[in-house]
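Down below is the structure, laid out as structure tokens.
In what follows, every chain begins at residue 1, and chains take the letters A, B, ... in the order their sequences are listed.
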There are 2 protein chains.
Amino acid sequence: MKNRLRVLRAERSWSQADLADKLGVARQSVNAIETGKFDPSLPLAFRIARLFSLKVEDIFDDEVRD
Amino acid sequence: MKNRLRVLRAERSWSQADLADKLGVARQSVNAIETGKFDPSLPLAFRIARLFSLKVEDIFDDEVRD
DNA sequence: CAAGAATGTCACGTTTACTTGACTTTCCGA
DNA sequence: TCGGAAAGTCAAGTAAACGTGACATTCTTG
């Protein structure tokens with residue numbers, strides 16, 4: 001599962017810790033999702049989408065990572 | 001997290017076992033999701049959305065259940 | 001009504017999402 | 001160049017997602 005989280009975060013000049021705070025998760029979790037260690041839960045995916053005012057499909061891509 | 005899974009499945013006259021097969025999960029998992037025992041993972045949510053040709057947001061609702 | 005199909009549920013086990021704490025590495029501005 | 005901030009990572013633990021097997025209940029349909 002690919003995602004545009006790093007790009008969206010960088011566009012806003014947020015650190016992983018900033019984003020983690022806004023999402024209510026640990027900094028390491030944001031890092032793990034950005035680096036593809038695991039996928040977020042569905043509730044977290046919704047929180048991410050809402051934070052960026054985007055659809056889940058516009059952030060996450062149901063394909064394998066390179 | 002509310003979802004329209006039961007309705008979408010019923011519209012097609014599929015049993016929970018039918019749907020579970022198509023999604024590649026256990027029948028009990030479909031039942032648990034429909035009855036609100038837990039939310040699907042993000043990958044599973046994508047498979048569900050694709051199966052019904054809908055967006056994730058059109059099936060799952062980021063609100064508390066009644 | 002009877003029988004089978006569908007659904008609900010429970011216990012137990014595995015995997016994955018996520019936390020916490022600590023440490024190292026990389027990046028960037030004074 | 002040096003120091004702090006950001007990012008990467010690892011180990012160990014908890015919680016939630018999912019599987020399997022078994023059984024009870026409800027829903028059809030002959």
Side-chain angles (χ1 to χ4, degrees):
Chain A
M1 176 96 58
K2 294 191 295 186
N3 71 73
R4 305 201 305 123
L5 203 52
R6 169 150 302 175
V7 183
L8 293 166
R9 179 176 63 81
E11 282 173 359
R12 288 155 182 81
S13 303
W14 292 342
S15 68
Q16 292 181 347
D18 291 336
L19 178 55
D21 273 355
K22 295 175 195 294
L23 293 172
V25 295
R27 175 184 69 84
Q28 287 88 336
S29 296
V30 167
N31 184 63
I33 293 168
E34 284 192 358
T35 58
K37 298 265 187 315
F38 54 71
D39 298 318
S41 67
L42 186 57
L44 179 52
F46 267 91
R47 273 182 275 153
I48 294 172
R50 210 168 19 178
L51 179 61
F52 292 110
S53 303
L54 290 171
K55 297 249 174 191
V56 173
E57 282 86 354
D58 295 332
I59 302 177
F60 299 95
D61 194 353
D62 198 15
E63 286 175 12
V64 272
R65 285 183 91 90
D66 322 305
Chain B
M1 176 96 56
K2 293 192 294 186
N3 72 73
R4 304 202 303 125
L5 203 51
R6 170 150 300 176
V7 181
L8 293 167
R9 179 176 63 81
E11 283 173 0
R12 287 154 182 81
S13 302
W14 292 342
S15 69
Q16 292 181 347
D18 291 336
L19 178 56
D21 272 355
K22 295 173 194 296
L23 293 172
V25 295
R27 173 185 71 84
Q28 288 87 338
S29 296
V30 168
N31 184 62
I33 294 168
E34 285 192 356
T35 56
K37 298 268 187 314
F38 53 71
D39 298 319
S41 67
L42 186 57
L44 179 52
F46 267 90
R47 274 182 275 153
I48 294 171
R50 211 171 16 189
L51 179 61
F52 292 110
S53 303
L54 290 172
K55 298 249 174 191
V56 173
E57 283 85 353
D58 294 331
I59 302 177
F60 299 95
D61 194 353
D62 198 15
E63 288 176 12
V64 273
R65 285 183 91 90
D66 322 305

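- Scored by the salt bridge (Lys or Arg N to Asp or Glu O under 4.0 Å) test, A:Asp58 finds no partners at all (sequence neighbours excluded).
- Using five terminal pairs a side, the axes of the helix from C:dC1-D:dG30 to C:dA30-D:dT1 at its two ends make an angle of 50°, given in steps of 10 degrees.
- B:Leu51 contributes atom CG, which lies 9.5 Å from atom CG of B:Leu8 (distance to the nearest 0.5 angstrom).
- Both B:Ser41 and B:Lys37 lie close to DNA chain C; mapped to their nearest nucleotides by heavy-atom distance, the more 5′-ward contact belongs to B:Lys37.
- Rounded to an integer number of Å, the gap from CZ of B:Arg6 to C1' of C:dT7 is 8 Å.
- The distance from the CZ atom of B:Arg12 to the CG atom of B:Asp18 is 12.5 Å, given to the nearest 0.5 Å.
- Distance check: B:Ile48 CD1 to B:Arg9 CZ gives 12.0 Å after rounding to the nearest 0.5 Å.
- Heavy atoms only, all atoms of each residue included: B:Ile33 and B:Pro40 are closest at CD1-CB, 3.8 Å.
- A:Asn31 places its CG atom 13 Å from the P atom of C:dT19, with the value rounded to the nearest Å.
- The shortest heavy-atom contact between B:Arg50 and A:Asp62 is NH2-OD2, 3.2 Å.
- Comparing B:Arg27 and B:Pro40, the nucleotide of DNA chain D nearest to each residue sits closer to the 5' end for B:Pro40.
- Contacts of residues 7-20 of chain A with DNA chain D (heavy atom under 4.0 Å): A:Arg9, A:Ser15, A:Gln16.
- Separating the CG atom of A:Asp39 from the C1' atom of C:dT16 is a distance of 10 Å, rounded to the nearest angstrom.
- Following rounding to the nearest Å, A:Phe38 (CZ) and C:dC18 (P) show an atom-to-atom distance of 6 Å.
- Between B:Ala49 and B:Lys55, the closest heavy-atom pair is CB-C, 4.1 Å.
- Rounding to the nearest 0.5 Å places CD of A:Gln16 at 11.5 Å from CG of A:Leu23.
- Checked by atom type and distance alone, the side chain of A:Asn31 never pairs as donor or acceptor with a backbone atom of A:Gln28 at under 3.5 Å.
- Nearest heavy-atom pair across A:Ala45 and A:Val56 is O-CG2, 4.2 Å.
- Mapping heavy-atom proximity under 4.0 Å, the span of DNA chain D touched by chain B runs 5' to 3' from D:dA17 to D:dA22.
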Distances for protein N/O vs nucleotides 24-26 of chain C N/O pairs under 3.5 angstrom?
none

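- Between the side chain of A:Asp39 and the main chain of B:Pro43, no donor-acceptor pair closer than 3.5 Å is present.
- With rounding to the nearest 0.5 angstrom, the CD atom of A:Glu34 is 7.5 Å from the CG atom of A:Asn3.
- Sorted by first and then second residue, the pairs that involve residues 37-63 of chain B and meet ring pair (Phe, Tyr, Trp, His ring centres under 6.0 Å), not counting sequence neighbours, are B:Trp14-B:Phe52.
- C:dT7 atom C1' lies 15 Å from atom CD1 of B:Ile33, rounded to whole Å.
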